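From a predicted model like this one, the values you see are computed outputs, not experimental measurements.
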Amino acid sequence: MLTDETIRAALPHTLDEVSLPGLGDPIRGKVRDSFVRGTERVIVVTDRISAFDVVLGTIPFKGQVLNQMAAHWFRRTGHIAPNHLLDTPDPAVSLCTNCRPMPVEMVVRAYLTGSTSTSIWKAYEGGARTFCGHELPEGMRQHQRLERPIVTPSTKAEKGDHDESVSREELLRRTDLSAAQFDEMAEYAMALFLFGTEQAAARGLILVDTKYEFGLSPEGKIMLIDEVHTPDSSRYWYADDYQDRFEAGENPRSLDKELVRRALMEQGYSGDGPPPPLSDDLRVEAARRYAELLSVVTGVDFEGDTSDPIPRISAALGL
Ligand SMILES: Nc1ncnc2c1ncn2[C@@H]1O[C@H](COP(=O)(O)OP(=O)(O)O)[C@@H](O)[C@H]1O
Ligand SMILES: [Mg+2]
């Protein structure tokens with residue numbers, strides 16, 4: 001188990017922007033820096049944390065936790081949907097099939113919740129009674145379970161812009177995706193979500209909602225890419241006190257970046273302009289929660305590799 005001392009000591013050595021001599025220019029996402037090597041893609045999961053579509057700073061060990069959790073689920077869901085993972089040469093690195101990303105985020109939601117502008121709760125609170133083409137009954141409350149999980153596609157906004165939740169029809173109008181491609185992804189997404197829900201339940205957790213990305217492999221096969229059932233792509237709540245808290249009108253206890261999101265919202269930040277700096281206490285608490293989530297979700301205790309990340313990764317990749 002990671003101690004607070006270990007986390008605190010790691011605060012100045014987090015994995016931020018990665019350059020790896022010998023691998024060429026990185027493609028920088030908000031959280032991952034990747035390098036294309038032939039038909040493969042080396043994905044370094046950094047310690048950057050993003051919320052509201054903005055990078056907020058770094059959380060110690062977050063990259064290792066996220067990478068290990070994604071690998072755990074990629075390895076256990078290959079029978080449900082083909083995926084990009086080939087190997088994990090380092091705790092923070094995945095070697096993947098390089099794909100052409102599909103222009104959609106396949107979001108699956110089982111609860112009326114969320115805090116960002118694309119969330120189903122914000123829409124419902126604002127009076128919407130259909131969301132991405134799904135009808136929602138009157139009289140629902142925040143954090144209430146939906147009658148059944150629904151697929152709510154989201155557009156991939158350009159950098160700096162915010163994603164938008166749209167219906168299947170709207171998405172097909174706006175992109176070059178075929179209906180067959182969309183439906184194949186939607187089917188994978190729902191099957192993965194049901195599997196994730198069962199796995200979470202077995203460990204006392206609720207898989208609340210999650211986002212899947214798909215890509216086309218060099219052979220033209222639709223594959224799950226990016227990450228799966230990590231705290232960055234998924235919201236998890238503790239199951240044991242969900243009902244009591246819901247009835248009392250309290251927020252569920254969550255194991256994800258909702259902690260950081262809420263802390264910033266309490267400071268009046270909601271995604272516009274530069275974010276306020278994350279306090280060290282918040283970064284330590286967030287790191288503890290990420291590590292906790294890995295052990296709660298996978299049953300594996302998070303060790304955390306404290307060695308200097310860049311030399312370690314270079315060595316692991318034989319650079
Ligand atoms: N196997 C893959 N092939 C090609 N692109 C991928 C693959 N896996 C992930 N990606 C892309 O790499 C990026 C990952 O970085 P991330 O920090 O998550 O980006 P974002 O800022 O878009 O969330 C995303 O744009 C994702 O679509
Ligand atoms: Mg991403």
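- Both tests hold for R129 against Y124: distance to the six-membered ring centre under 6.0 Å, angle to the ring axis within 45°.
- Of the options E105, E213, E164, a salt bridge (Lys or Arg N to Asp or Glu O under 4.0 Å) to K156 is made by E213 and by none of the others.
- In the hydrophobic cluster analysis, where Ile, Leu, Val, Met, Phe, Trp and Tyr join through side-chain heavy atoms closer than 4.5 angstrom, L172 is grouped apart from I150.
- Nearest approach of L192 to A81, heavy atoms of both residues: CD1-CB, 4.1 Å.
- The closest side-chain heavy-atom distance from I313 to V18 is not below 4.5 Å.
- Y236 and H229 get closest at one heavy-atom pair: OH-O, 3.0 Å.
- At a threshold of 4.5 Å between side-chain heavy atoms, the hydrophobic network of Ile, Leu, Val, Met, Phe, Trp and Tyr places I222 and V108 in one connected group.
- You'll find the side chain of Q199 stays beyond 4.5 Å of the side chain of L207, heavy atoms only.
- Closest approach of G78 and N83 over heavy atoms only: CA-ND2, 4.1 Å.
- Residues V107 and S154 share a closest heavy-atom pair of CG2-CB, 4.1 Å.
- For the pair K62 (side chain) and R48 (backbone), a donor-acceptor distance under 3.5 Å is present.
- Taking OG1 of T46 as the reference point, atom CZ of R28 lies at 9.0 Å (rounded to 0.5 Å).
- Looking only at side-chain heavy atoms (C-beta outward), R262 and S115 stay at 4.5 Å or farther from each other.
- Taking the ring centroids of Y111 and Y242, they lie under the 6.0 Å cut-off.
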(message) Is there a salt bridge (Lys or Arg N to Asp or Glu O under 4.0 Å) between R289 and E285? Walk through the geometry before answering.
(response) CA-CA 6 Å; R289 291 221 194 177; E285 172 68 13; 3.2 Å; yes
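- Between the side chain of T14 and the backbone N or O of I59 there is no donor-acceptor pair closer than 3.5 Å.
- Rounding to the nearest 0.5 Å places CD1 of I225 at 12.5 Å from OG of S94.
- Using a 4.5 Å heavy-atom threshold, the side chains of R37 and L95 count as touching.
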*Show your reasoning for whether side-chain contact (heavy atoms from CB on, under 4.5 Å) applies to V44 and N67.*
CA-CA 8 Å; V44 181; N67 190 50; over 6 Å; no
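- M69 places none of its side-chain heavy atoms less than 4.5 Å from the side chain of Y290.
- In this model, no donor atom of one side chain and acceptor atom of the other lie less than 3.5 Å apart for D281 and S279.
- Note that CG of D33 and CD1 of I27 are 9.5 Å apart. Values are rounded to the nearest 0.5 Å.
- Side-chain contact between D16 and D47 is absent, with no heavy atoms from C-beta onward closer than 4.5 Å.
- In this structure the side chain of F61 never reaches within 4.5 angstrom of the side chain of D305, judged on heavy atoms.
- Between F214 and Y212, the angle of the ring planes lies from 30° to 60°, which puts this pair in the tilted group.
- A donor-acceptor contact closer than 3.5 angstrom links the side chains of T113 and H143.
- Of all non-hydrogen atoms in V55 and P275, the two that sit nearest each other are O-CG, 3.8 Å.
- Annotation: side chain of L319 is in contact with side chain of L23 (closest heavy-atom distance under 4.5 Å).
- The aromatic rings of H84 and F74 lie tilted to each other, with the angle between the two planes from 30° to 60°.
- Closest non-hydrogen pair, Q142 versus F246, comes out as O-CE1, 3.3 Å.
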Worksheet item: Where do T88 and R75 land on the side chain to side chain donor-acceptor pair (under 3.5 Å) test, with the steps shown first?
Response: CA-CA 11 Å; T88 47; R75 291 187 177 116; 3.0 Å; yes
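- Counting only distance, with no hydrogens or angles, the side chain of S295 and the backbone of E292 share a donor-acceptor pair below 3.5 Å.
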